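Encoded as structure tokens, the structure appears first; notes follow it.
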Amino acid sequence: MADEVILLDFWPSMFGMRVRIALAEKGVKYEYKEEDLKNKSPLLLQMNPVHKKIPVLIHNGRPVCESSIIVQYIDEVWKDKAPLLPSDRYQRAQARFWVDFIDKKMYDASTKTWTTEGEEQEAAKKEFFEALKTLEGQLGDKPFFGGDNFGYLDLSLIPFYYTYETFGKSSIEAECPKFKAWVKRCLQRETIAKALPDEKKVLEHASGMRKNLVLE
Amino acid sequence: KCKTLTMAEEVKLYGTWSSPFSRRIELALKLKGVPFEYIEEDLSNKSPELLKYNPAHKKIPVLVHNSKPIAESQVILEYIDEIWNNNPILPQDPYQRAMARFWGKFIDEKVLATRMKANFAEGKERELVTEEFFQQMEFLENELNGKDFFGGETIGFVDIVAIVVAIWFPLTQEVLGVDTFTEEKFPVLFKWIRKITEIDVVNECRPPREKHLAYVKARIEDLKSASK
């Protein structure tokens with residue numbers, strides 16, 4: 001029986017990107033469905049009635065929601081290729097911990113960096129970069145957070161590179177050289193280069209968001 | 001020396017007696033018969049060990065297994081389930097596992113926050129947030145769907161996480177003197193609450209009632225006076 005895999009997504013979503021990268025790493029064929037978040041499809045509302053959010057993976061008719069949960073599901077189902085979570089159980093727990101850290105400490109700060117101004121934006125930038133520094137400490141001298149191989153924590157963090165690129169180049173922010181090198185390594189992977197939207201498009205979308213928020 | 005004994009000697013749990021996040025780890029360890037050393041933390045005076053083992057959040061619970069720390073209660077639960085695989089907490093099937101993780105996340109990230117807001121909001125906001133809470137409880141009831149427990153015939157990951165709803169919610173409600181979360185509105189959930197609180201090991205891992213009541217009363221007084 002052929003697998004039917006559908007991804008409900010929104011192209012600039014950092015959470016959607018995680019799932020796209022995971023599917024690409026595993027070589028899973030899927031149908032991509034773009035959602036208009038201002039006009040959510042009946043399918044999305046049916047498949048994610050609790051949160052009504054993307055991304056949603058629909059595998060043979062059954063929905064899986066929440067990006068971190070979807071990625072772990074993908075890793076467990078398509079387990080014969082490109083393992084995403086570490087095989088060592090302690091390292092697995094650490095990967096889960098740090099993805100939770102990203103979601104708790106970096107996401108809101110990143111969003112505020114894009115959508116606020118003045119003092120609020122400065123505070124958000126500071127929070128974002130402090131969290132990034134903490135994560136950089138986890139990288140050490142390894143090529144990827146997963147060690148020699150690209151994995152769960154890597155793909156969960158790489159979508160934030162747009163925030164770093166856009167707001168991290170001023171002299172005010174602390175330099176994160178290891179992070180920069182890691183970003184470069186990630187972007188060299190075909191799976192990631194394909195899953196991540198064009199930087200210009202993302203910037204245009206973000207400035208559209210700011211206009212909609214009527215920022216003077 | 002056998003390996004099991006070494007593991008038993010090196011399992012430590014840093015927690016607090018009143019925290020549902022800490023208690024759920026005790027429950028998981030007890031369910032699997034894992035001996036452990038428990039260290040009660042004073043959160044107003046955190047130990048150097050806690051700060052060393054969880055520098056990112058500085059929170060309990062932290063499990064230390066053979067000197068290696070793991071933090072975040074749901075991450076710890078999964079770790080425990082992988083290391084000690086008797087009496088499994090998570091299902092084997094990947095889809096069921098995803099569902100269990102989904103409901104666990106829903107409870108900790110949405111239900112708890114909504115409940116807090118509903119308890120302390122006023123006027124129109126209170127109405128709206130309470131309605132949101134009712135919707136969340138309905139989702140949970142639907143998930144039970146005729147089963148004894150979220151885990152099926154025996155308690156599992158979601159049940160362990162949801163004990164905060166079974167024990168902490170009614171208790172806080174008692175202290176606040178409100179009756180939004182009732183058997184009348186949620187008969188399926190209350191049936192589950194009765195079933196789960198009949199389990200010996202669950203009761204071994206809950207805060208003693210009188211002490212817990214007094215603690216919650218004091219916390220609520222603090223919150224009320226802080227907001228004035």
Side-chain angles (χ1 to χ4, degrees), chain A residues 3 15 19 47-53 56-79 84-108 130-138 152-153, chain B residues 7 10 25 53-59 61-85 90-111 113-114 132 135-143 157:
Chain A
D3 270 326
F15 300 111
V19 180
M47 290 288 147
N48 192 0
V50 176
H51 302 298
K52 306 178 176 56
K53 286 183 171 180
V56 178
L57 191 80
I58 309 172
H59 183 206
N60 295 330
R62 295 194 301 186
V64 184
C65 308
E66 297 294 308
S67 67
S68 58
I69 295 173
I70 298 172
V71 173
Q72 290 182 78
Y73 175 78
I74 289 169
D75 200 37
E76 290 173 19
V77 171
W78 288 279
K79 57 183 186 285
L84 298 173
L85 272 99
S87 51
D88 175 77
R89 290 164 297 184
Y90 183 73
Q91 292 308 322
R92 256 210 295 286
Q94 291 306 96
R96 289 180 177 131
F97 173 85
W98 289 110
V99 171
D100 176 75
F101 176 85
I102 292 170
D103 288 352
K104 285 191 172 122
K105 298 276 186 185
M106 293 182 70
Y107 179 68
D108 279 345
E130 267 167 22
L132 201 60
K133 267 272 172 215
T134 303
L135 268 166
E136 207 191 32
Q138 290 305 304
Y152 179 55
L153 181 47
Chain B
M7 278 182 178
E10 297 194 27
I25 307 303
Y53 288 135
N54 190 6
H57 301 300
K58 305 176 175 53
K59 285 183 171 181
V62 178
L63 188 79
V64 182
H65 182 214
N66 298 331
S67 307
K68 295 190 292 191
I70 304 109
E72 287 302 306
S73 68
Q74 294 196 21
V75 174
I76 299 171
L77 286 177
E78 291 219 31
Y79 177 79
I80 288 171
D81 207 36
E82 290 181 7
I83 299 286
W84 294 281
N85 48 31
L90 277 159
Q92 292 286 50
D93 172 73
Y95 189 75
Q96 297 309 324
R97 289 161 74 82
M99 286 295 101
R101 288 173 178 141
F102 176 86
W103 292 110
K105 197 168 204 246
F106 175 68
I107 291 166
D108 275 1
E109 292 183 8
K110 295 286 180 205
V111 173
T114 304
E132 199 184 329
Q135 279 175 11
Q136 292 173 344
M137 292 299 101
E138 271 171 48
F139 280 125
L140 284 182
E141 280 212 320
N142 291 339
E143 187 52 28
F157 184 81

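Numbers restart at 1 for each chain; the letters A, B, ... are given by sequence-line order, proteins then strands. Keep in mind that what you see is a predicted model, and the values were worked out from it rather than measured.
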Requested in this report: Can you establish whether the number of heavy atoms outside A:Lys52 located under 6.0 Å from its atom NZ is more than 12?
Outcome: yes
Query raised in the report: Should the pair A:His51 and B:Phe106 be assigned to parallel (<30°), tilted (30 to 60°) or perpendicular (>60°) ring geometry?
Result: perpendicular
**Report entry** Atom pair CD (B:Gln96) and OH (A:Tyr73), whose distance is rounded to the nearest 0.5 Å
**Finding:** 10.0 Å
Query raised in the report: Among A:Asp75, A:Asp100, A:Val64, A:Val77, who wins on heavy-atom pairs under 4.5 Å with chain B?
Result: A:Asp100
Query - Closest contact, heavy atoms only, A:Ala93 versus B:Tyr79 - result: CB-CD1, 3.8 Å
Query raised in the report: Do you know which of B:Arg101, B:Glu72, B:Lys105 has the most heavy-atom pairs under 4.5 Å to chain A?
Result: B:Arg101
Report summary line: The interface call for A:Arg92 against chain B, heavy-atom contacts under 4.5 Å, is side chain
Report task. List for me each residue that meets side chain to side chain donor-acceptor pair (under 3.5 Å) alongside A:Gln138, sequence neighbours excluded, and say none if there are none. Result -> A:Trp98
**Report entry** Region of B:Phe139 in contact with chain A, defined by heavy-atom distances below 4.5 Å
**Finding:** side chain
Report task. Tell me, for B:Arg97 versus chain A, whether the close heavy atoms (under 4.5 Å) come from the side chain, the backbone, both or neither. Result -> side chain
**Report entry** Closest approach of B:Glu82 to A:Arg89 (non-hydrogen atoms, all atoms of both residues)
**Finding:** O-NH1, 3.2 Å
**Report entry** Stepwise side chain to side chain contact (heavy atoms under 4.5 Å, CB included) check, B:Phe102 with A:Val50
**Finding:** CA-CA 10 Å; B:Phe102 176 86; A:Val50 176; 3.9 Å; yes
Requested in this report: Show your reasoning for whether side chain to side chain contact (heavy atoms under 4.5 Å, CB included) applies to A:Phe97 and B:Ile70.
Outcome: CA-CA 8 Å; A:Phe97 173 85; B:Ile70 304 109; over 6 Å; no
Requested in this report: For residues B:Pro69 and A:Gln94, report the shortest heavy-atom separation together with the two atoms involved.
Outcome: O-OE1, 3.6 Å
Query raised in the report: Would one find more than 12 heavy atoms of other residues, nucleotides or ligands at under 6.0 Å from atom OH of A:Tyr107?
Result: no
Query raised in the report: Can you say whether A:Lys105 sits under 4.5 Å from chain B via the side chain, the backbone, both, or neither, judging by heavy atoms?
Result: side chain
Query - NZ/NE/NH1/NH2 to OD/OE distance under 4.0 Å, A:Glu66 and B:Lys110 - result: no
Query - Heavy-atom proximity to chain A below 4.5 Å, by part of B:Pro55 - result: neither
Query raised in the report: Under a 4.5 Å heavy-atom cut-off, does chain A meet the side chain of B:Asn142, its backbone, both or neither?
Result: neither
